[in-house]
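Written below as structure tokens is the structure these notes are about.
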Amino acid sequence: MADETKNLLPQVFFHGPPEFPAYLKPKPYHNFHIINPSSLPSLHQFISTNPHNVSSITAILSMGLYPLNADILQSLPCLRFIITSSAGTNHIDLDECRRRGIQVANAGNLFSEDVADMAVALLIDVGRKISAADGFFRRQIQPPASWDFPLGSKISGKKIGIVGLGRIGLEVAKRLETFGCTLSYNSRNKKPLVSYPYYSSVLELATNTNVLILCCDLNDQTRHIVNKEVMLALGKGGIIVNVGRGALIDEKELLKCLIEEEIGGAGLDVFENEPHVPKDFYSLDNVVLSPHSAVLTLESHMGICQLVEQNLIAFFSNKPLITPVI
Ligand SMILES: O=CC(=O)O
């Protein structure tokens, strides 16, 4: 498509890293044009250096780590649609979007199975010390004289507390039922169709379980929902797995509890200040770290690419969004 024609179409601004992630590479469309980010400054720079052109931005294709707070949204008067390639929407000020009538779509249920797989994998890895065992071999300069390795903790039959029994939480529960685990949960409200015991507080859930798996959204109510008191209630052998958002846990307290062995271990796919991960975690054998990669499968990337495209096409054709948030 010729550049002049593209410039007449509504512009979709990519709010993410300087290059499109390969899986989101856009192709030409009839009724909108996704601006190649490498041809533009970041959204912040664009707003500050092109105050008269901000009205060209009708829609934003956003990635999870790139915030769209009220200040940014207020400087985009013509913005009508945000599609985020994440399931989580905590980087977007949804109240401001509601107030302005900006529509928002996300990844919907696309990543739930992958994230649940990862939660279970992290749990097994921490409990059965798989990464620690791998490190045990790799750190040896000479082949070890004997395999003197600490005992792991049995996963089958464990009492598991799921925090956030939404789509991901239910997938986690389905998998761990087949391990003979006993499940209970905490969420904003008791789910009428779910028979697992419900605890209205995470502290109570931790008191009654061996493992906490965090699958809930991050918001003002859930920030630091796992604090020191909750960790101490989970107890010495307890394991925490976080596939939600880093700030669900008080990370400084978690680090202390891991160092002092107040809990047994943790499997973390997410961190409080991503992409920063406190270095003190690196030397601990009772924690397994993963770079927010629960959603990073080839299959889910192919899926999100299609879903982003379908939502943009729906929005610019005035059709209902495929995976609307608001
Ligand atoms: O964390 C990943 C997502 O929200 O999709």
Side-chain angles (χ1 to χ4, degrees), residues 14-17 20-24 60-69 81-94 97 103-123 125 162-172 175 187-188 212-226 240-249 251 254 266-277 288-312 321-326:
F14 178 75
H15 186 36
F20 278 117
Y23 66 96
L24 281 179
I60 288 182
L61 162 52
S62 129
M63 309 264 311
L65 275 183
Y66 292 78
L68 287 169
N69 56 30
F81 179 47
I82 298 169
I83 168 76
T84 175
S85 62
S86 57
T89 51
N90 57 294
H91 58 298
I92 305 174
D93 188 328
L94 293 180
C97 291
Q103 293 187 68
V104 179
N106 70 348
N109 200 18
L110 187 72
F111 301 136
S112 303
E113 291 176 340
D114 281 331
V115 176
D117 290 349
M118 186 64 135
V120 174
L122 285 170
L123 171 60
D125 192 340
I162 299 179
V163 181
L165 202 65
R167 293 176 288 210
I168 296 171
L170 285 168
E171 290 290 337
V172 170
R175 284 155 180 70
S187 62
R188 246 171 317 179
L212 286 183
I213 301 188
L214 310 183
C215 309
C216 61
D217 290 339
L218 175 66
N219 53 43
D220 290 345
Q221 287 72 47
T222 59
R223 187 172 300 276
H224 286 193
I225 198 169
V226 175
I240 298 175
V241 171
N242 191 1
V243 288
R245 285 291 182 263
L248 295 172
I249 308 183
E251 200 169 71
L254 173 65
L268 307 174
D269 186 49
V270 284
F271 301 88
E272 220 172 326
N273 297 304
E274 292 179 19
H276 168 74
V277 176
V288 175
L289 309 171
S290 151
H292 204 143
S293 62
V295 302
L296 302 185
T297 63
L298 178 62
E299 291 81 356
S300 70
H301 273 195
M302 282 159 44
I304 192 63
C305 189
Q306 262 185 6
L307 196 57
V308 162
E309 180 179 50
Q310 288 166 350
N311 273 295
L312 282 166
L321 299 175
I322 316 299
T323 42
V325 177
I326 49 175

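In each ligand, atom 1 is the first atom listed, and ligand 1 is the first ligand listed. Because only heavy atoms are used, hydrogens play no part in the values below, and waters and symmetry mates are left out as well, while side chains stay in.
Taking only nitrogen or oxygen atoms, main chain and side chain alike, H292 reaches within less than 3.5 Å of ligand 1. Taking only nitrogen or oxygen atoms, main chain and side chain alike, G88 reaches within less than 3.5 Å of ligand 1. Geometrically, ligand 1 and S85 share no nitrogen or oxygen pair separated by less than 3.5 Å.
When the heavy atoms of G108, G64, A87 are ranked by distance to atom 3 (C) of ligand 1, first place goes to A87.
Taking every heavy atom of both residues into account, L110 and S300 meet most closely at CD2-O, 3.7 Å.
Between L218 and R223, some side-chain heavy-atom pair lies under the 4.5 Å cut-off. With a 4.5 Å cut-off on side-chain heavy atoms, L68 and D93 do not count as touching.
In summary, the atoms of ligand 1 found under 4.0 Å from a heavy atom of R245, numbered by their order in the structure, are 1 (O), 2 (C), 3 (C), 4 (O). Under a 4.0 Å criterion applied to the non-hydrogen atoms of F111, ligand 1 contributes the atoms 5 (O).
The pair R167-E171 does not meet the salt-bridge criterion, since no charged nitrogen lies less than 4.0 angstrom from a carboxylate oxygen.
Atom CD of E113 has 12 or fewer heavy atoms from other residues, nucleotides or ligands within 6.0 Å.
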